[in-house]
Amino acid sequence: MEHDYDVLVVGSGFGGSVAVLRATEKGYRVGVLEAGRSFSPEDFPPTNWRLRRFLFMPRLGLRGIQRITLLRDVLVLSGAGVGGGSLVYAGVLYEALDPGLREELAPYYEIVREMLGAAEVPFETPAEDVLRRVAERMGAAETFRRTTVAVDFDTCVRCGGCMVGCRYGAKNTLDRNYLRLAEERGAQIHAEREAFLLRRAGGGWEVVARRPGRPGGREVFRADQVVVAAGVLGTLKLLFRSGLGGPHLGERVRTNSESLVGSTAPRSNVDYSVGVAIGSSFFPNADTHIEPVRYPRGSNLMALLGFPLRGYARRLRAFTPRRWSERTVILLAMQTLDNELRVRWTGRRLTTSERTAPAFVPEAREAVRHAAEIMGGIAGAAVNEVLLRTPMTAHILGGACIGAVIDEHHRVFGQPGLHVLDGSTVSANLGVNPSLTIAALAERALAHWPSCGEPDSRPPLGSRVPTPLPRA
Ligand SMILES: Cc1cc2nc3c(=O)[nH]c(=O)nc-3n(C[C@H](O)[C@H](O)[C@H](O)COP(=O)(O)OP(=O)(O)OC[C@H]3O[C@@H](n4cnc5c(N)ncnc54)[C@H](O)[C@@H]3O)c2cc1C
Ligand code: SF4
């Protein structure tokens, strides 16, 4: 089967969804390829033990919302499905800390917050209590704050299940706003289609797609313009395999200088799983940001990724999955420090090298030991951090950065009609949850697109004009 569009968007996460709606509004015929499936609230699993509905590993017949990718130097968590990472994310919307970037994106941040129904969390829970006390002990009590999240609190039942998929329709995922509006205006979403190869055809582009985990059945999509928005790993894989993106593709990939640690009480009469997935945060110093993260009651799968820190090794049994989410406060630390790794292509798969991104964050280790004391618990960290000395991140960024692979309008150097619009274009550790910034960058880029059939007022592709955005 063959399909023709003006604009074809690969990936339906934060960059992709914004691109789809705004290009549709500008009069283009838009199609979307999304490797994952489409979900309704009742499709999300009751707990993350339902692997078929939670994990995305199509070769094993698992078609859920959570990807887990182990590369040589990093373990990456990311999303899959129509709505991309918004299906599995905690919904936290933070502006970048860099003042220049904030100023440039200010109007677009407003648009995205409005579209996603952002609201400050109106309550605190036992996990917030722990974080507040950790912040006090680390001399940063005044930086404690509740998060702003994409949640409708009239509907939210405070079950803590945002990262397993919201079964109550309270989390404002991208399929419920940007993508729904785009579909109403005629955009066509092709779920379970993975873009495999991208090549020039005539004056435009041809994309070969396949059905993940299902043999045969390749389809060809044609478009004048292609927006690659497949998330960092998806975008790098597609561009490397297609021989596009130039010599700097894969450079400056960031983990957000991230670390995941956790405190688990051996037994507890306090239920730490209630609330939204991330309800608060604090800054122990100017570079470091820490949030308490939770999974809902019964969702104990992630216990398998935990391992006790030195001094707690004898108490490994506390990490058994039984009631783990009710007994545990995970702490997610992110930093603005400048460190990175490089993603390369072996010819068949992605690999990494030249890592300066840290395997662990000292402030996170200090915070989790305080949390363990407060909870009468055991301090642990992600197993790859403790045993393999490699980082784990849910916020991978970079690899197709502005100034290196794309220009400030997100157009790939030397490849007319090819754009990149996702987390891979962010060339710094933001030190906060990045989705709001990724969507705002996409709003900014699309605001400068001409309407269909109108002249293009942007400078010619490749002109290296000064940009207010951070460049590689
Ligand atoms: C558990 C978890 C919790 C998180 N919580 C937060 C949070 O609270 N706040 C926050 O800001 N961020 C959070 N994040 C991070 C956030 O989800 C990502 O930063 C964000 O989704 C990245 O947006 P993106 O546009 O780069 O791509 P994504 O949102 O990752 O979307 C990319 C999409 O492309 C699809 N795709 C990949 N390859 C192909 C291909 N070849 N063909 C077709 N489709 C393809 C993928 O299936 C995916 O749906 C969280 C992440 C995880 C894993
Ligand atoms: S806590 Fe999260 S998953 Fe539960 S109802 Fe609220 S938004 Fe949905």
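Residue numbers count from 1 along this sequence. Order of listing sets the numbers, starting from 1, for every ligand and every atom in it.
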K.L.:
Answer yes or no for C162: is there an N/O/S atom below the 2.8 Å cut-off from atom 2 (Fe) of ligand 2?
P.N.:
yes
K.L.:
Test of understanding: given a 4.0 Å heavy-atom threshold, classify the contact between A229 and ligand 1 as side chain, backbone, both, or neither.
P.N.:
backbone
K.L.:
Does the side chain of S257 pick up a donor-acceptor pair with the side chain of N429 at under 3.5 Å?
P.N.:
no
K.L.:
Give the numbers and elements of all ligand 1 atoms closer than 4.0 Å to a heavy atom of G234.
P.N.:
38 (N)
K.L.:
Go through ligand 1 atom by atom and flag the ones less than 4.0 Å from a non-hydrogen atom of G15.
P.N.:
25 (O)
K.L.:
Any salt bridge between E124 and R146, counting N to O under 4.0 Å?
P.N.:
yes
K.L.:
Examine the proximity of ligand 1 to E34 and report which part, side chain or backbone, both or neither, has a heavy atom under 4.0 Å away.
P.N.:
both
K.L.:
Among I278, I438, L441, D422, whose heavy atom sits nearest atom 22 (C) of ligand 1?
P.N.:
I438
K.L.:
Would you mind telling me if ligand 1 is within reach of the side chain of L77, the backbone, both or neither, using heavy atoms under 4.0 Å?
P.N.:
both
K.L.:
Quick one: sort the F123 and F153 rings into parallel, tilted or perpendicular, breaks at 30° and 60°.
P.N.:
perpendicular
K.L.:
Who's the nearest protein heavy-atom neighbour of atom 4 (Fe) of ligand 2, and how far?
P.N.:
C159 SG, 2.4 Å
K.L.:
What are the atoms of ligand 1, with element, lying closer than 4.0 Å to any heavy atom of V88?
P.N.:
1 (C), 2 (C), 3 (C), 53 (C)
K.L.:
For ligand 1, is R193 a contact, meaning one of its heavy atoms is under 4.0 Å away?
P.N.:
yes
K.L.:
Using 4.0 Å as the upper bound for N to carboxylate O, is an ion pair formed by R37 and E192?
P.N.:
no
K.L.:
Salt-bridged, E291 to R145, with N to O below 4.0 Å?
P.N.:
no
K.L.:
Please list, in number order, the atoms of ligand 1 under 4.0 Å from a heavy atom of A394.
P.N.:
14 (N), 15 (C), 50 (C), 51 (C), 52 (C)
K.L.:
Can you find a non-hydrogen atom of L238 under 4.0 Å from ligand 1?
P.N.:
no
K.L.:
Can a salt bridge be assigned to the pair E104 and R444 using a cut-off of 4.0 Å between side-chain N and carboxylate O?
P.N.:
yes
K.L.:
Test of understanding: given a 4.0 Å heavy-atom threshold, classify the contact between N433 and ligand 1 as side chain, backbone, both, or neither.
P.N.:
both
K.L.:
If you measure from the Lys or Arg side-chain nitrogens to the Asp or Glu carboxylate oxygens, is any gap between R211 and E219 under 4.0 Å?
P.N.:
no
K.L.:
Looking at S78, which atoms of ligand 1 are within less than 4.0 Å of one of its heavy atoms?
P.N.:
53 (C)
K.L.:
State the atoms of ligand 2, each with its element, that fall below the 4.0 Å cut-off from a heavy-atom position in C156.
P.N.:
1 (S), 5 (S), 6 (Fe)
K.L.:
Which of the numbered atoms in ligand 1 are under 4.0 angstrom from any heavy atom belonging to M163?
P.N.:
1 (C), 3 (C)
K.L.:
Near G275, which atoms of ligand 2 are under 4.0 Å from a heavy atom of that residue?
P.N.:
1 (S)
K.L.:
Which atoms of ligand 1 have any heavy atom of E194 under 4.0 Å away?
P.N.:
40 (C), 41 (N), 42 (N), 43 (C)
K.L.:
Salt bridge check, E183 against R180: does any charged N sit closer than 4.0 Å to a carboxylate O?
P.N.:
no
K.L.:
Show me which atoms of ligand 1 lie under 4.0 Å from any heavy atom of G79.
P.N.:
46 (C), 47 (O), 48 (C)
K.L.:
What part of A80 sits under 4.0 Å from ligand 1 if we count only heavy atoms: the side chain, the backbone, both or neither?
P.N.:
both
K.L.:
In terms of side-chain geometry, is the basic nitrogen of R297 or D271 positioned less than 4.0 Å from the acidic oxygen of its partner?
P.N.:
yes
K.L.:
Looking at ligand 1, does G81 have a heavy atom less than 4.0 Å from it?
P.N.:
yes
